[in-house]
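A quick write-up on the structure given underneath.
As the structure is a prediction and not an experimental result, all values here were calculated from the model. Both counts, for ligands and for their atoms, begin at 1 and track the order of listing.
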Amino acid sequence: MKKRPHVVVTRRLPDAIETRMRELFETELNIDDVPMSPDALAAAMQRAEVLVPTVTDRIDAALIAAAGPQLKLIASFSNGFDHIDVEAALKRGIAVTNTPGVLTEDTADMTMALILAVPRRLVEGARVLSADRDWAGWTPTWMLGRRVTGKRLGIVGMGRIGQAVARRARAFGVSIHYHNRHRVAPQVEEALEATWWDSLDQMLARMDIISINCPRTPGTYHLLSERRLKLMRPEAYLVNTARGEIVDEAALIKLIASGAIAGAGLDVYENEPMINPKLLRLAEAGKVVLLPHMGSATIEGRIEMGEKVLINIRAFFDGHKPPDRVLPSML
Ligand code: DGY
């Protein structure tokens with residue numbers, strides 16, 4: 001019988017995926033779902049031929065340097081791969097794969113939900129109907145938000161998720177603008193009636209809502225710096241479902257608190273799972289809507305992510321190129 005690869009999975013995955021993983025490979029599961037410490041990860045990388053981490057595991061250059069020679073593949077259960085030092089892994093001959101494509105629609109749904117929730121004060125309104133509060137009834141001037149229809153949405157990063165957000169926003173009568181390193185194909189622009197801005201600064205200064213949908217790379221760290229955030233209009237909102245580090249969070253907090261930016265909808269944070277207490281206070285004041293990194297959290301999406309991990313591992317050990325390799329050109 002062919003020797004089965006030794007796989008270490010760092011977090012609990014959907015049951016169906018864990019079961020298939022055990023059928024196919026020599027698999028160590030993390031049934032308690034306790035995040036692994038750096039020491040536990042280092043030990044896992046000493047015995048595993050395949051490591052299956054998630055976005056909560058920081059696989060940095062030091063861990064990769066200390067990995068045993070048997071480690072051949074890091075098959076991440078994630079779309080993003082900013083938690084892995086891919087360059088260091090590739091240099092050591094360790095392949096890296098991710099799970100692109102299967103969480104596009106779910107993440108775009110959540111982005112659209114935040115685009116609606118912030119200007120329409122959805123969370124603030126829902127809080128009014130709670131056991132410890134009385135609602136005095138409808139009034140003409142209470143709980144007024146801002147209309148979404150007719151506004152301009154500036155999408156930063158017009159890849160798969162950015163385009164899926166644009167499709168949704170168009171159905172709400174929002175006009176689409178975008179900034180992307182490369183202009184998208186003319187037929188995509190045409191279908192979305194999208195306006196391309198080569199200058200992010202110029203776009204920021206003219207939009208009603210900004211949505212961050214680009215990956216976190218060394219080039220996008222604090223892409224929305226304090227200087228750039230200051231270009232936004234005081235009536236504008238920022239929505240981020242990509243990665244916290246793309247936005248200078250401290251500057252964003254300052255600008256919302258001072259009224260220089262109207263508000264924000266955030267699903268991701270600079271120091272997850274730590275949340276800046278000032279953000280919590282802004283949420284209390286109804287200036288921001290905060291979600292706990294749940295953009296892709298659907299049962300269907302998580303199963304499809306797991307299936308991608310299985311296919312990537314299987315292809316690798318069958319001697320094929322795994323379909324979702326992270327390549328140097330993607331860094
Ligand atoms: C990913 O997979 O990169 C997501 O951030 C998880 O929701």
Side-chain angles (χ1 to χ4, degrees), residues 9-14 17-18 21 30 33 35-36 50-60 73-86 89 96-115 155-165 168 211-221 223-224 238-247 249 264-275 289-313 322-327 330-331:
V9 183
T10 67
R11 298 300 297 265
R12 274 226 70 173
L13 301 183
I17 300 303
E18 289 189 340
M21 198 82 92
N30 180 355
D33 203 24
M36 283 186 168
V50 182
L51 184 75
V52 179
T54 74
V55 292
T56 58
D57 304 301
R58 191 134 300 282
I59 314 292
D60 59 17
L73 173 65
I74 299 174
S76 192
F77 182 88
S78 64
N79 179 42
F81 40 82
D82 48 298
H83 54 295
I84 303 168
D85 191 327
V86 178
V96 179
T97 58
N98 66 336
T99 63
V102 292
L103 31 81
T104 302
E105 304 302 325
D106 297 326
T107 308
D109 284 344
M110 201 56 103
T111 308
M112 196 62 220
L114 285 172
I115 289 173
I155 298 176
V156 181
M158 197 61 146
R160 269 188 295 256
I161 296 175
Q163 291 179 31
V165 170
R168 283 157 177 75
S211 176
I212 310 295
N213 297 108
C214 58
R216 157 81 169 97
T217 64
T220 61
Y221 176 78
L223 181 67
L224 276 283
L238 181 119
V239 168
N240 187 4
T241 54
R243 284 292 184 266
E245 299 93 329
I246 299 169
V247 178
E249 197 175 272
L266 306 176
D267 186 44
V268 287
Y269 307 91
E270 269 206 74
N271 299 301
E272 284 178 32
M274 302 276 290
I275 303 292
V289 172
L290 307 178
L291 295 176
H293 200 148
M294 54 189 276
S296 70
T298 66
I299 293 166
E300 294 86 346
R302 292 287 148 86
I303 289 175
E304 286 170 15
M305 287 168 80
E307 280 164 357
K308 279 199 159 257
V309 171
L310 291 167
I311 290 165
N312 283 319
I313 300 175
D324 303 311
R325 276 171 311 145
V326 179
L327 302 169
M330 294 157 69
L331 302 179

Legend entry - Side-chain heavy-atom pair I212, T220 within 4.5 angstrom cut-off: no

Inset, instruction - Would you check if there is a donor-acceptor pair between the side chains of T107 and T241 at a distance under 3.5 Å? - result: no

Inset, instruction - Evaluate the side-chain proximity of I84 to S76: yes if any heavy-atom separation is below 4.5 Å, no if none is. - result: yes

Inset, instruction - Please list, chain by chain and in numerical order, all residues satisfying salt bridge (charged side-chain N to carboxylate O under 4.0 Å, His left out) with R11, sequence neighbours excluded. - result: D33

Legend entry - Contact check, side chains of F77 and R302, non-hydrogen atoms, under 4.5 Å: yes

Quick one: table the atom pairs, ligand 1 N or O against protein N or O, below 3.5 Å, distance rounded to 0.1 Å.
{"from": "ligand 1", "atom 1": "2 (O)", "to": "N79", "atom 2": "N", "distance (Å)": "2.7"}
{"from": "ligand 1", "atom 1": "3 (O)", "to": "N79", "atom 2": "N", "distance (Å)": "3.4"}
{"from": "ligand 1", "atom 1": "3 (O)", "to": "G80", "atom 2": "N", "distance (Å)": "2.8"}
{"from": "ligand 1", "atom 1": "3 (O)", "to": "R243", "atom 2": "NH2", "distance (Å)": "2.8"}
{"from": "ligand 1", "atom 1": "5 (O)", "to": "R243", "atom 2": "NH1", "distance (Å)": "2.8"}
{"from": "ligand 1", "atom 1": "5 (O)", "to": "R243", "atom 2": "NH2", "distance (Å)": "3.3"}
{"from": "ligand 1", "atom 1": "5 (O)", "to": "H293", "atom 2": "NE2", "distance (Å)": "2.9"}
{"from": "ligand 1", "atom 1": "7 (O)", "to": "S296", "atom 2": "OG", "distance (Å)": "2.7"}

Inset, instruction - Output yes when a side-chain donor or acceptor of E18 lies under 3.5 Å from a complementary backbone atom of L13, and no otherwise. - result: yes

